Each structure stands twice: as C-alpha cells, then as structure tokens.
Trainee: 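Encoded as structure tokens, here's the structure I'll be asking about.
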There are 2 protein chains.
Amino acid sequence: MGLRAKHKADRTERIIHAAAQMFRTLGFDAVRMEAIAALAGVSAGTVYNYFPTKGDLLVAIVSREVEEVLAAGEATVTDPPPDVVGALSQLVHGYYDHSLHYLSKDMWRTAMAMTIQSPEKPSSRNYVALDGRLQGQVVALIAALQARGHIRAALDPIAVGAMLFHNLDALFRMFVTTDQTLEALRAEVDRHHRAMAALMAV
Amino acid sequence: MGLRAKHKADRTERIIHAAAQMFRTLGFDAVRMEAIAALAGVSAGTVYNYFPTKGDLLVAIVSREVEEVLAAGEATVTDPPPDVVGALSQLVHGYYDHSLHYLSKDMWRTAMAMTIQSPEKPSSRNYVALDGRLQGQVVALIAALQARGHIRAALDPIAVGAMLFHNLDALFRMFVTTDQTLEALRAEVDRHHRAMAALMAV
DNA sequence: CTTCAAAAATGAACGAACTCCATTCTGCTG
DNA sequence: CAGCAGAATGGAGTTCGTTCATTTTTGAAG
C-alpha cells in the first residue's frame with residue numbers, strides 16, 4: 001500500500017473514531033460536521049470526500065458493530081448447545097450484549113431510521129446485507145438444531161428462522177426506542193424463545 | 001363549536017389534505033413546507049402552528065390510515081374463520097391491502113423512520129400506540145382461535161401473537177423498502193402463517 | 001357599535017447540512 | 001528532480017426546515 005492509500009485509510013479511521021465518540025457523547029443531532037472534522041484533524045470538506053452525508057457516516061460506524069457481532073455469532077451456529085432455548089438465547093444474547101459496547105441507543109435509532117428511509121443508498125444496502133446475514137445465522141441455527149434432531153423435522157426452518165429473527169429485531173427496536181434495560185430485553189426474548197421452543201419440540 | 005374552533009378544524013383538514021397529496025405525488029423530501037402552505041391556502045408559519053415539524057405532519061397523515069385499518073380489523077377478530085391460516089391471512093391481508101390506498105411506500109418509510117428516530121415526540125407516541133393496538137388485534141385473534149379449540153391450549157397467546165405481529169411488521173417494512181409487489185408480500189406472509197399454523201395445530 | 005386582550009397568521013430571518021470551486025499541498029513517476 | 005495527478009482545504013453560496021417578532025383577526029364585554 002502506497003503512502004497515499006495509507007493516508008486515506010488513516011483519515012477514514014480518524015473521521016470514524018471522531019464521529020463515533022462525538023455521536024455517543026453528544027447525540028447525533030447535536031454534533032456538527034465542523035466539529036467532527038476538527039476532532040479528526042481535517043477540514044469539513046474532507047469529511048464529505050469520505051462520506052456522502054452525516055447519516056452515511058453514522059451508518060458506517062454502526063455497520064462495523066454489526067460485523068463484529070456477526071463474527072461472534074458464528075461460534076454458536078457451528079456448535080450450538082443441545083437445548084433449543086439455550087441455543088437461541090446464546091446467539092441472541094450475544095447480539096444484544098454487544099450492542100451498546102461502542103454505540104448509544106440514539107445512534108442505533110438514527111441508523112435504523114436512515115436505512116429505512118433511504119434503502120437505496122450504498123450505506124443502507126450494506127447495512128441491510130449485514131442484517132440479512134444475521135437472519136442467515138438464525139436460520140442456520142434452526143437448521144442445525146433440526147439436523148441434530150432437537151426440533152421437529154417437519155417444520156420449515158427458513159420461515160421459522162425468519163420469524164425468530166424478525167422477532168428479535170423488533171424487540172431490539174423496542175429496546176432502543178425506550179429506556180428498557182438490557183436485562184428486561186433478555187427476559188422478554190427468552191419468554192418468546194420458550195414459547196417457540198415448546199411449539200418446535202419433537 | 002365556535003367559529004374559531006371551526007376555522008381551526010378546517011385549516012387542519014386543508015393542511016393535511018394538501019400535504020398528503022403532495023407527499024404522495026412528489027415524495028416527502030421533494031415537498032417544501034412553503035408549497036404545502038400555499039396549496040392549503042395559508043402561510044408557512046401557520047403550518048407550524050398546527051404541526052411541530054414536517055415529520056409530525058407526515059406521521060399524523062399515516063396515523064389516520066392506521067386507524068382505518070384498525071377499525072377494519074375488528075370484524076375479523078370478533079368473528080374469525082375457523083382455520084388458523086385463513087383467519088391470520090384475512091386479518092393481515094386487510095392490513096396490507098389498505099396500506100397503499102392513500103399513502104405511498106415513501107411516506108411509510110419516512111413515517112417509520114421518524115417514529116424510530118424520535119420515539120418521545122407526541123406524534124410518535126401516538127403512532128406507537130396505534131401499532132400496539134394492531135398487535136393487540138393479532139393477540140386477540142390467537143386467543144379467540146385458542147378459545148374455540150382451533151389451536152393448542154398450552155401455547156402462550158401473548159408471546160405467539162407478539163411474534164406474529166413482529167413478523168408481519170417486518171415483512172411490511174421489507175415491502176416498503178423494496179419494489180416488492182403486494183402479491184409477493186401476501187405470498188410471503190402466507191408461507192409464514194402456514195409454518196406457524198402447523199406448529200400451533202392441536 | 002366600539003374596544004381590546006387573546007389567539008392566530010404572517011413572512012422575514014436564522015442555522016446547519018451540503019455544494020462548489022479556486023487554490024494549495026503531496027506523493028508518485030518518468 | 002520536475003512536473004503532474006490526485007487529494008485536502010476552506011470559504012462563499014444555496015437550500016430548506018424552523019423560529020419569532022410583528023401584524024392581523026377574532027369575539028366577547030361594555
């Protein structure tokens with residue numbers, strides 16, 4: 001990698017870190033692009049050379065978090081606990097527990113809003129693709145449990161996996177739009193998992 | 001109602017109709033508040049005496065649509081078809097089929113985005129409450145089917161109803177964020193309903 | 001019918017994201 | 001090393017949503 005490319009990568013990192021820090025401490029709306037640029041040590045115009053809009057900058061930050069969570073989920077999918085509730089909970093709690101590590105609820109809300117409102121933007125497409133991979137992990141987990149004979153052979157793993165994912169997604173959305181605690185979120189999703197596990201039992 | 005109150009109601013209607021028409025034909029972002037005000041026959045400032053922001057104006061419009069859909073759903077809940085898939089489909093197709101009557105996908109997306117990003121605003125709270133009532137209808141339907149002995153007595157109707165609602169909501173969000181047709185949306189949700197009906201069967 | 005305080009409407013001004021662009025700087029290449 | 005292409009700069013300009021001081025309208029009291 002030439003010096004030029006390295007500078008580019010450095011600047012991208014600096015901008016992302018500066019923005020992430022400010023978004024988290026001040027809230028998305030309260031942060032001016034000038035301030036991000038200043039903290040990153042570049043000019044405002046330069047930020048726009050890297051990210052088309054303030055929203056895209058946020059979505060890029062959030063997408064990094066999702067990628068980390070995805071990587072962490074692989075372990076559960078490839079080697080799931082034998083009980084259905086335990087397997088689902090392990091995967092989903094992994095998602096939830098990491099969600100506020102680098103990000104605030106405000107950042108999640110704003111990023112979700114951006115990707116819904118403008119699904120055609122490249123940053124949104126990327127985010128949606130990551131979401132699809134999360135859904136794929138849930139489907140894969142259901143299929144794995146089914147292959148091991150822990151849930152009924154007759155059920156449609158894709159449809160059921162999709163429903164479970166949509167559910168955990170909705171509960172997470174509720175979490176970030178209220179002052180619900182992580183603990184309460186976990187309890188709620190576990191309740192749903194128990195209900196589904198009872199239905200899926202062989 | 002005094003003259004003053006009547007004028008107020010008239011203006012509210014004119015503003016809502018003007019905004020709805022323009023949002024639908026031009027798209028939310030392309031419509032300037034000036035233009036809505038002009039079509040409604042008032043000044044820009046006046047619109048702000050009636051709706052705090054452009055987004056709140058949109059959410060008010062969308063909320064009206066949800067209220068109509070809610071009313072239409074009552075019939076299915078109080079007297080559901082005996083088969084589980086038929087009952088779920090009748091309710092949910094009712095929701096979906098009316099969704100584009102007055103609104104565009106763009107309006108749905110933007111309204112969803114607004115309510116997620118700013119859940120504390122009065123207009124968002126109202127919208128979320130309507131969503132809760134939709135979820136309540138699904139739960140009530142499951143409970144009714146259960147009371148009639150069409151699905152297992154052992155299952156948790158609140159958890160299962162919540163999951164079904166979250167699922168139909170997610171599928172609708174996918175619908176409005178892509179160019180999927182209503183037909184394809186119906187087919188997809190029916191597939192999920194069949195999968196769930198099989199699990200819930202006595 | 002006149003008065004007047006409260007309510008409502010008005011539109012000019014403001015602020016911030018974003019665009020544009022002439023200029024400057026920097027690292028690659030012949 | 002020269003000079004060129006690509007990138008950063010930063011300030012001026014645009015656009016809208018939003019705000020607010022001012023003006024106009026309202027309807028009840030005298």
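The shown structure was predicted, so the numbers you read here are calculated from the model rather than taken from an experiment. Side chains are part of it too, since the values below use all heavy atoms of this structure and drop only hydrogens, waters and symmetry mates. Residue numbers start from 1 in every chain, and the chains themselves are labelled A, B, ... in the order their sequence lines are given, proteins ahead of strands.
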Trainee: Does the B:K121 side chain pair with the main chain of B:M114, one donor and one acceptor, at a distance under 3.5 Å?
Mentor: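 The answer is no, because no donor-acceptor pair under 3.5 Å joins these two groups.
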Trainee: Tell me: CG of A:N49 to C1' of C:dC20, nearest whole Å?
Mentor: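 In whole Å, C:dC20 C1' lies 12 Å from A:N49 CG.
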Trainee: Considering only NZ, NE, NH1 and NH2 on the basic side and carboxylate oxygens on the acidic side, decide whether A:K105 and B:E120 come within less than 4.0 Å.
Mentor: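 The answer is no: the pair does not qualify as a salt bridge.
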Trainee: In whole angstrom, what separates B:D29's CG from C:dC18's C1'?
Mentor: 14 Å
Trainee: Once you apply a heavy-atom cut-off of 4.0 Å, does B:V47 come out as touching a base, just sugar-phosphate, or nothing?
Mentor: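 Touches nothing.
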Trainee: Compare every heavy atom of B:R14 with every heavy atom of B:G41, then report the nearest pair and how far apart it is.
Mentor: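 For B:G41 and B:R14, the tightest heavy-atom pair comes out as O-NH2, 4.0 Å.
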Trainee: From D:dG10, C:dT10, D:dG17, pick the nucleotide closest to the side chain of B:K54?
Mentor: D:dG17
Trainee: Just how far, in rounded Å, is C1' of C:dA17 from CZ of A:F51?
Mentor: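 In whole Å, C:dA17 C1' lies 17 Å from A:F51 CZ.
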Trainee: Measuring from the side chain of A:M33 (C-beta onward, heavy atoms only), which nucleotide among C:dA17, C:dA8, D:dT9 has the closest atom?
Mentor: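 Nearest to the side-chain atoms of A:M33, counting from C-beta on, is C:dA17.
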Trainee: Taking the minimum atom-to-atom distance to the side chain of A:R32, which one of C:dA17, D:dC16, D:dT9 wins?
Mentor: C:dA17
Trainee: To the nearest Å, how far apart are B:F28 CZ and D:dC16 C1'?
Mentor: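 Computing the B:F28:CZ to D:dC16:C1' distance gives 12 Å.
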Trainee: Taking the side chain of A:H7 as heavy atoms from C-beta outward, which of D:dG10, C:dG27, C:dA8 is closest to it?
Mentor: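 From the listed options, C:dG27 comes nearest.
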Trainee: Report the distance from atom CD of B:E34 to atom C1' of D:dG17, rounded to the nearest whole Å.
Mentor: 10 Å
Trainee: Could you work out which one of C:dA8, D:dA8, C:dT19 sits closest to the side chain of A:T46?
Mentor: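 Side chain of A:T46 sits closest to D:dA8.
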Trainee: Output yes when a side-chain donor or acceptor of B:Y96 lies under 3.5 Å from a complementary backbone atom of B:L168, and no otherwise.
Mentor: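 Yes, B:Y96 side chain to B:L168 backbone: donor-acceptor pair under 3.5 Å.
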Trainee: Find the distance B:Y48:OH to C:dA12:P and express it as a whole number of Å.
Mentor: 16 Å
Trainee: Choose from C:dT10, D:dA8, C:dA8 the nucleotide whose nearest atom is closest to any side-chain atom of B:Y50.
Mentor: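 Of the candidates, C:dA8 comes closest.
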Trainee: Between A:D10 (CG) and D:dA8 (C1'), how many Å, whole number?
Mentor: 15 Å
Trainee: Just how far, in rounded Å, is P of D:dG6 from CZ of A:R11?
Mentor: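 About 17 Å, once rounded to whole Å.
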Trainee: Regarding B:D156 and A:R194, does a basic nitrogen lie under 4.0 Å from an acidic carboxylate oxygen?
Mentor: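 Result for this pair is no, no salt bridge flagged.
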